[in-house]
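Per chain, numbering begins at 1; letters A, B, ... match sequence-line order. Remember, it's a predicted structure, so these values are computed and weren't measured experimentally.
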Amino acid sequence: MSATISSEAVGARFAALRAAGRKALVPYVTAGHPDPERSVALLQGLADAGADVIEVGVPFSDPLADGPVIQASSQAALAHGVTFDTVLDLVHRARVAPPVVLFSYLNPLLAAGPDALARAADAGAHGVLVTDLPVGADPERERWFGEGPLAFIRLVAPTTPAARMREIATHGSGFVYLISRLGVTGMRADLPVELPDTVQRLRGVTALPICVGFGVTGPEQARAVARLADGVVVGSAIVRAAGESVDAAVALTRSLRAAIDTV
Amino acid sequence: MTVQRESGRFGIFGGRYVPETLIPALDELEAAFDTAMEDVAFRTELDRLLADYVGRPSPLSEAPRYSQLVGARVLLKREDLNHTGAHKINNTVGQALLAMRMGKKRIIAETGAGQHGVATATVCARFGLECVVYMGEEDMRRQALNVYRMRLMGAEVVPVSSGTRTLKDATTEAIRDWVTTVRTSHYIIGSVVGPAPYPRMVRDFQAVIGREARQQVLDRTGRLPKTVVACVGGGSNAIGIFHAFVGDADVELVGVEAAGEGLDTGRHSASLARGTPGVLHGTMSYLLQDAAGQVHPAHSVSAGLDYPGVGPEHAFLKDSGRAMYEAVTDAQALHGFETLAQLEGVIPALESAHAVAWITAQAGRWRSDDPVLLCVSGRGDKDVAQVMEMGILGT
């Protein structure tokens, strides 16, 4: 029973937002950054500031999809001895209302063992996203995620052809994460010009909610993305603010919330 | 064993564990590679360049004084005599031709010892391609001369200061570049690692080593070698020389990893001996990692072996028992470096010196007329300054 509730929480949140005519704010934080104690306070602060879903990064030693800000936060978390179990403990202790999606590379999840997803669900996580497990890469392990207790969020890139977009959407649940641009995570000045077109193509092949991330920096961009998509993921900008203070990250989240709500 | 083309796997190893952004580029690369390898014009051009530019076939040298020490007929496959001084160029020539077929004019590469970076800069100069090489700061210090060589040939060398500042982090940084520039750039991986189709493609470009050597040993001795020995970091020279012999059940295949300061010290690069299966840089293979799945820094006196992973086909050959993997320490490798220099007038790369050291340690294992094929994957000129600085040799 609890399995079903975990995986459906993400979808339920988007259904509620859609009914209310609102867009989702999805902040990302690296678990254990700036340190484990403040990490719990940060999760609670983001929830209070109006996050609809929170992405919690599982730190990895070789984060090849991430830019300098998230790399540095991962290194800091690892230096504090953060493991997969620590991540689950932080999620458990934070007990936030918005659904929590784990954002991870495959290797730390494999190392956590066959019951990793069940333990994550027990700790209060609702979804999982694996940056280096594209559709079709490893059917056996994709089944592990797809049939587990968590929503399995898949990624679509600007380079993904339309037929493959459809396949990706079919093999995922919760929402589709659309990578806004070529490259790694990190803050950029503008949104890519082809983004509206990419969102439209994706809309044509899936009924799942679409969240856009990679390079969304501040309220202006968040508002622009919210006009196109169902949700906005903000990672590096939040992580950078969290490196200054929890309050700074919470304040940024509030301003993002306000910007998105004017759409 | 040939790889299953659809899955890009060697048994349970290999695969494509990369961000979604790269999938279409890997599909394109795989299709371009398979088409090219069946295209007579491509094969002809590749063969011509390997002959006229690289200097192939590389010789097979007798090693009479070293053979006496070991008690076997040791035959040296002289990849050190290739243009740029190592086997790496066999692969970069092939991939550069492929990049041009795909219309990509910017090349990315990672390098550890600098040999792959030099081999990439070389072919980029030859074909007029833009070249960006990622290299760990620590390796740039160890291999300053190779940094200068790359720059001399017009390449941009980008220092990587994250993590261990060696090959692992240079590779991660090269992949980040590729994710960003994938529409216009081709990434020339230097070893049989990375996502499919790289392990199979790099193997096929390096397989020329074993094809030549198998025929050369047959011509010279009238029989196949008893044992084929090569060093293994990522494992491209080893796969290159092993591939032609995989079907010869009586030929023993031995890969030699870097035991660094000792297998029990935690400071080594022996992924096959001491690693566990995991995913790094897009492939599933043996990996030096902790219980939480964080990649453990590798160590070796030789920058080219200083990598915590290993090619997935080696992982398969180990588990299937077709090849055997051993490890020798930094100290043994330095001894091997000195031995081959003094007995044969061949200064091997520190990487290749690991294979030498294993053979030396096995003296008495063979009959005196047993051919033992040793891959001298590169020349040691690049390492002379480092070894001199270490003050190891009694000069």
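- Per-residue counts of heavy-atom pairs under 4.5 Å with chain B were compared for A:Ala112, A:Pro108, A:Gly136; the largest is that of A:Pro108.
- For a residue to count as touching a neighbouring chain, one of its non-hydrogen atoms must lie under 4.5 Å from one of that chain's; by this rule A:Val130 does not touch chain B.
- Neither the backbone nor the side chain of B:His296 comes within contact range of chain A, judged by heavy atoms closer than 4.5 Å.
- B:Val295 and A:Ser61 make their closest contact through N-OG, 2.8 Å (heavy atoms, listed as atom of the first residue, atom of the second, distance).
- For the side-chain hydrogen bond (donor to acceptor under 3.5 Å, both in side chains) test with B:Tyr17, the passing option among A:Thr131, A:Asp138, A:Asp132 is A:Asp138; the others fail.
- Interatomic distance, A:Thr160 OG1 to B:Ile23 CD1, rounded to the nearest 0.5 Å: 9.0 Å.
- For A:Phe84, no part sits under 4.5 Å from any heavy atom of chain B, backbone or side chain.
- Atom CG of residue B:Asp27 and atom CZ of residue A:Arg164 lie 7.0 Å apart, to the nearest 0.5 angstrom.
- Rounding to the nearest 0.5 Å places OG1 of A:Thr159 at 7.5 Å from CG of B:Leu22.
- The contact between A:Asp66 and chain B is made entirely by backbone atoms, counting heavy-atom distances below 4.5 Å.
- To the nearest 0.5 angstrom, A:Asp62 atom CG is 5.0 Å from B:Leu280 atom CG.
- Shortest non-hydrogen contact noted between B:Val18 and A:Pro134 is O-CD, 3.1 Å.
- Only the backbone of A:Pro59 comes within contact range of chain B, with at least one heavy atom under 4.5 Å from a heavy atom of that chain.
- Proximity to chain B (any heavy atom under 4.5 Å) is shown, for A:Glu140, by neither the backbone nor the side chain.
- Put simply, of A:Leu110, A:Leu155, A:Thr83, the one with the most heavy-atom pairs under 4.5 Å next to chain B is A:Leu155.
- Contact of A:Leu109 with chain B is not made at all, since no heavy-atom distance falls under 4.5 Å.
- The pair A:Arg154-B:Glu20 fails the salt-bridge criterion, with no side-chain N (NZ, NE, NH1 or NH2) lying under 4.0 Å from an Asp/Glu carboxylate O.
- In this structure, B:Val279 and A:Leu133 have side chains that are not in contact, with every pair of non-hydrogen atoms separated by 4.5 Å or more.
- Shown here is A:His92, whose NE2 atom has no more than 12 heavy atoms of other residues, nucleotides or ligands within 6.0 Å.
- The environment of A:Arg240 atom CZ is sparse: at most 12 non-hydrogen atoms of other residues, nucleotides or ligands sit within 6.0 angstrom.
- We find the CZ-OG1 distance between B:Arg176 and A:Thr185 to be 8.5 Å, quoted to the nearest 0.5 Å.
- The two residues B:Ala291 and A:Ala111 make their nearest non-hydrogen contact at O-CB, 3.6 Å.
- Across A:Pro158 and B:Arg183, no two heavy atoms sit closer than the pair O-NH2, 3.4 Å.
- The two atoms that bring B:Pro19 and A:Ala65 nearest to each other are CG-CB, 4.0 Å, heavy atoms only.
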